[in-house]
Structures are given as structure tokens and as C-alpha cells.
Amino acid sequence: MLAAVCALAGAAPLTIEQAANREGAGQAVLSPDGKHIAIIFSDGISDELQVYDTETGTSKVLRSAYVKQSDGWRYIQTPWNVIWASNDLLAVDYSFGAVSMDLNGKEIASLGQYVVRRAELDDPDSPWVLICADSWRGVYARVNARTGERRRLDRPGGGKAIKLAFDRHGVLRAATLLNSETWRDMSTVSNWYLPEPGAEWQKLAQFSVVDDYWMPAYVPDQPHTLAITSRMGRDAYAFFAYDTQAGRVGDMLAGSDTQDILSVGGIEQQSYERVTTGGLQVQSVWFDPVWAGVQQVVDAALPKRINRLSGNPRGKVLVYSYSDIEPGTWYLLDMKQSAMRPLLQHRVAAAKASMRPMEMMQYAAADGLSIPAFLTRPADGATKAPLVVLIHGGPTERDYWGWNEEVQLLAARGYAVFQPQFRGSSGFGKRFEQAGYGQWGLAMQDDITAGVRHLISEGIADPARICIVGASYGGYAAMWGLVKTPELYQCGVSFAGVADIEYMFQDDSDRTDDKVTREMMLSRIGDARTRSVSFDQVSPLKHAERIRAPVLLMHGEDDQRVPLSHGKKMRQALERNGKQVQWLSFEEEGHGLAREENRVLYYRTLLAFLDKYIGDLTLSH
């Protein structure tokens, strides 16, 4: 029987430095024969590629980040992804290009822009990999990682490839193309199928880019058949068989009425070994009885966690285990010896601290819609706690159950943290997501408000100590919350927040020059050409005079998604109206914070601001 792993007893609360420190393993991949593990490890500043010998228990660094010169340019090559091309050969994605490498760190061949996957899934000794040679032009190829031999993959023309599907031999057999030429009135998405190598590509279907459309996932051995992912005619994404001759969706291979199926392993016409679901808590369900037994054993040894398995269920298995209070640990499980040992931590510094559990909850919106959410309390049974309302970006993104450095740092400081998954958030079904379309500042904001009022009525939150915080769309929602419901909040924080919706369609961001993104914005947010008045009604910039609470604005100076001009305009409007506003910009940072020293500064500034306006002065910090 495997021994359970116990939490670190008597650990101190998470500190700013621990939260900001990214030292640890970002990726670990077991070789097909189970003899080695490839690891990408960060020391907090740069990444390095390591290999661990599972038989001797020793590891070595194969390659660290290095400066490369080419055509007069100097740039840093950092490993960010790795797969096994064969048992003794790695395919490594660097910042600029992919290479193959042996177990001594010697580069063998240049592969392309990045690696897609191994080509021959059934042959662990095959050195062939599938690579992208040019993502802009949609050029893909099979490359022999041992010799560098290259064979360009045939694909249909008429657009940019956004999804490719291969058969088990690594032959490209299906593709989804995006056509967004400027002379077209509307971008289109088309699905194509290759009946057999050397045949003509067949166009199966075409959709508008704003439609719900299916995409190929895998080409099984059955002739004239695709495995596709779709939610057409249903609320949640599921996997289906598609009859390419009849041109219609067939039987469902894997699906749930209430949860999206995120991935399926071992797809065939009527069989698959595993599905991963995407509800409030991600789950893996095994249909292969051997793997199901291994999962049961691991879950018993590592309870109340999400445990992801890979490898050989009758040999060595690599386990990645994480939870709301565990940043993540890799374990090596030897099934023959019934022994499991920890190998690597995802966040070395943070793993030394104590954490608070993340609760999953549901509450009713103003119109009765059930809203999922997460709540992290600073102490067991905490009531009337100061509350931070933490709003995710997107807005068609979502939060997940699991360890979150910002949430844990706030809880360690004595704050309850509320993360509402308001309508428009993805992952909770099509109806729920589409209920948020056109609802910036309206029903989406009302969902946040309803959650805050629910926590007040339940005695969880102190109504006199609540702050709303967010980044990107979350920053917009934080500022709009201060405008729309000023009685609820004692302060507000926006990092890289949108200040003006109409201006968002005109700024110099990476969205405005992308035709497809603009079409998606018009579909999901609205048309600024016909809705400028209504956009003005829900844009914080146009109502700065209504904000009563102190505001903290932070922004990356090189942000291309929400340009710095949004933050500057909001700051100027607040100052012009005599409001309390604190400003902090970060040099050489974009839509997030890449540098550890800037993350430390962000957290210090955020916590000082919260402590000043809603903090519990009786707490010892």
C-alpha cells in the first residue's frame, strides 16, 4: 500500500517573497521506457533542461538558457517545452525554434518553429516528430529528430490552420482553416478531411467565426470517420464520431450534460481510455480498468487532490499532484514495487508555507441564474472577515479550483477571497457563457454584486471592509463596481483594466489590428458604431465623478492587450475629479508581470493599499 503524504506541520503563512518566487519544475515528462524524466526547471530567473535517471535516482543539467547570435541578432534561448522523440532522444522547444537533443545535451538536429507531438504514437523507438515550421503560413512537417530529414505535410489551402488532426501514424488527415482575408465581409471557419494519403482534400463544413462550430480531434482507424469536439445542439462540449461520407455528426463518444469534456485519450470508434471533465473541479475518468485501478490507488494515497497520471500502468507512472493548498508535486510511482516517492516541486519556496482551502459554492443572481464561485477564508469558520472580491479577466475566461498564489497570499494576510464565475465565464456551458454576451457592466456586474451581498447576508463578509480587485476585464469590473454600487466597496484595484469600452475598439492594442478578434468583440460585446451611447453608460472613464472609494491603478508600460493609455486616461479622470488615486506602472512589462522583483512590488503595493482601507488592524502582519 502507498503511504499518504502529510502536510507540512507548523508551517508559517505564505509571504510576499514566497508567492512571487517561481523557482521550481514547470514540466516533467516520463520517457516511453520509464527510464528517464525530462524536466524544465526554473531557478526563478531562467529555465534549464534537466534529465533524471529513474533507476539511479540521479539527475543532470542538459542545457541552460544561453545567448545565441544569428544574422547580427543576439537573443536568449530558453527551453519552455519538451517531449520524448524516442527513448534516448528529446525534442525541445526553445524561445526561438526547436531542436532535438541526446541524453548528454548534444544538439542533434534543427526541427522547426515548435514541436506538435510524436508522429508514431505506437512506436516508442520511432524518431519522427510532427512540427510547425511556420505558424503564420501554416506550414507543418514530419521531421526525423535523429537525422533532420524533413517531409512537408500536405494540407488544404484557403486559410490559416487553427486545428490539425492526425491518425495514429502521424499522417495529417483533417484540418480546420480560418479565412479572414480583408476583402471578405465575414471571417469563416472550414473543416477539411483527407480520405487517405495522396487523395484530394474534401471540404466537410463551413461556419462563421462567431458561430458554434465543430473541430476535428483525431482520425481513428475506421474509414470515413472523424472524432470531433462539438457543442452544436447541446450545452457542453463533447466528443462525437463524424461520418465524412454522409456529412453528419454521429454517436457521442464521450460527453456530459453539465460539464465540458476537455480531452479524451485513446479515441477509437467506440472506445477510449480516459476523459477529462471541466466543471468547478477538473476530473479525470478512466475507462481502461488497469489505469482506473492505478488512479484509485494514487487518489487514496494523495486524497483531496487532483492527480494526473502518465506512463505505464504496469511499470513506472509519473504523478503530478496538486490541490487548493498544494502548489504541485511530481511523484514517481513504481507499480511493480508498489512504491511512490516525491521528486519535484512546482513552487519550491511556496511549498514551505501553510495554505487555506478553497471552497466551491453556488449562489443565485438577481434573475435567479445559479452562479458558481470560489471562496477562500483566512481562518476556519471565519465570519465578518475583510473581503477581497477578485475578478478574473477575459471575460470569457474562468478561475479554477487549485493553488493560486494571489488568493493564498491574501488569505495569509487575513482576507477572505471571493472569486465569482459570473455569466459569460467559460467552462459552465454554452447558455451560461452566452448569457454574458453584451452584458459588460450590466448582468455580468450584477452577478458579482449578488455574490457580495450573499456573503454579507451569510455573515461571512464584513460589509464595512470590502475591496474589489481585478486585472484586464477584472480591472474594468473593479472600476465599474465602484461606479455602479459605491455603497458596497471601501476601495478598488485595477491592474491593466479597460477604462472605456468604445475606446477599446479604437486603441492601439493587438486586438484592433486583428480582424477575427474584432469580429468576436462585435459579437460578444457589441458594435461601438451603433452602441456608443450604451457603451458610455457602462464605461468607468465616463463616470469617474461617481467613484467615492480610493483607487489603486497599476499597469505594464509595454502592455499590448490593454495599452497603458487606458490606465493613464482613468488616472487623469480620477485626478480631475478630485478622487483618491494611487498609480504604479511597471517598466518593460506587458499584460502580466514576468519579473520576480515586479511581482514583489505588485504584492507589496496591493497589500499596503488593502491594509490601509479594509485591513484588520488587530492582526499581526
Side-chain angles (χ1 to χ4, degrees), residues 3-26 42 44 280-282 298-307 319-331 340-361 373-390 399-419 455 460-462 465 467 469 596 599-600 602-608 610-611 614-621:
V5 177
C6 300
L8 188 63
L14 187 70
T15 67
I16 291 174
E17 289 71 22
Q18 288 173 326
N21 190 319
R22 301 285 171 83
E23 179 184 358
S42 173
L280 268 176
Q281 191 175 54
V282 176
V298 172
D299 288 346
L302 303 171
K304 299 180 180 180
R305 302 186 185 197
I306 294 174
N307 301 307
V319 180
Y320 179 62
S321 178
Y322 70 94
S323 72
D324 51 346
I325 60 173
E326 162 62 55
T329 301
W330 274 273
Y331 298 84
M340 182 168 68
R341 65 180 187 272
L343 294 180
L344 302 156
Q345 290 178 325
H346 176 54
R347 296 286 289 273
V348 174
K352 301 174 183 177
S354 63
M355 307 294 174
R356 296 296 308 152
M358 177 184 284
E359 304 171 28
M360 293 175 281
M361 58 179 288
F374 300 101
L375 175 67
T376 304
R377 308 188 197 215
D380 292 337
T383 58
K384 292 293 182 92
L387 179 70
V388 173
V389 183
L390 190 60
D399 296 308
Y400 288 88
W401 183 88
W403 188 82
N404 181 301
E405 68 180 57
E406 187 166 14
V407 169
Q408 290 298 332
L409 185 60
L410 291 168
R413 196 76 168 202
Y415 298 104
V417 184
F418 176 55
Q419 297 171 275
L455 295 182
I460 295 170
D462 183 345
R465 294 184 297 163
C467 189
V469 179
E596 182 175 340
R599 293 193 295 272
V600 170
Y602 168 85
Y603 285 133
R604 285 178 177 169
T605 305
L606 172 65
L607 291 176
L610 295 174
D611 289 349
I614 66 168
D616 186 345
L617 300 181
T618 65
L619 291 175
S620 174
H621 302 310

Would Arg604 and Glu17 count as a salt bridge (Lys or Arg N to Asp or Glu O under 4.0 Å) if you check the C-alpha gap in whole Å, the side-chain angles of each, and the deciding distance to 0.1 Å? CA-CA 10 Å; Arg604 285 178 177 169; Glu17 289 71 22; 2.9 Å; yes
For Arg356 and Asp324, run salt bridge (Lys or Arg N to Asp or Glu O under 4.0 Å): C-alpha distance rounded to whole Å, both residues' side-chain angles, the deciding distance at 0.1 Å, then the answer. CA-CA 8 Å; Arg356 296 296 308 152; Asp324 51 346; over 6 Å; no
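In this structure, Trp330 and His346 have perpendicular ring planes: the angle between them is above 60°, well past the 30° mark.
One distance of note links CG of Leu409 with OG1 of Thr15; it measures 7.5 Å at 0.5 Å rounding. Asp462 CG to Ile460 CD1: the interatomic distance, rounded to the nearest 0.5 Å, is 12.5 Å. Atom OH of residue Tyr331 and atom CG of residue Leu344 lie 11.0 Å apart, to the nearest 0.5 angstrom. The distance from the CZ atom of Arg413 to the CG atom of Leu607 is 4.5 Å, given to the nearest 0.5 Å. Taking OG1 of Thr376 as the start and CD of Gln419 as the end, the distance is 6.0 Å to the nearest 0.5 Å.
Between the side chain of Tyr415 and the main chain of Leu610, a donor-acceptor pair closer than 3.5 Å is present. Although no hydrogens or angles enter the test, the distance criterion places a donor-acceptor pair under 3.5 Å between the side chain of Glu326 and the main chain of Gly328.
Closest non-hydrogen pair, Ala461 versus Leu387, comes out as CB-CD2, 3.8 Å. Taking every heavy atom of both residues into account, Cys467 and Ile614 meet most closely at CB-CD1, 3.6 Å. Looking at every heavy atom in both residues, Ala385 comes nearest to Pro378 through CB-CG, 4.2 Å. Heavy atoms only, all atoms of each residue included: Asp399 and Phe374 are closest at O-CE1, 3.6 Å. Between Asn307 and Leu302 the shortest heavy-atom distance is ND2-O, 3.1 Å. Between Met355 and Trp403, the shortest heavy-atom contact is SD-NE1, 3.2 Å.
For the pair Glu406 and Val417, the minimum side-chain heavy-atom distance is 4.5 Å or more. Side-chain atoms of Arg347 and Arg22, non-hydrogen and from C-beta on, do get closer than 4.5 Å to each other. Two residues are said to be in side-chain contact when any heavy atoms from C-beta on lie closer than 4.5 Å; Asn21 and Val600 fail this criterion.
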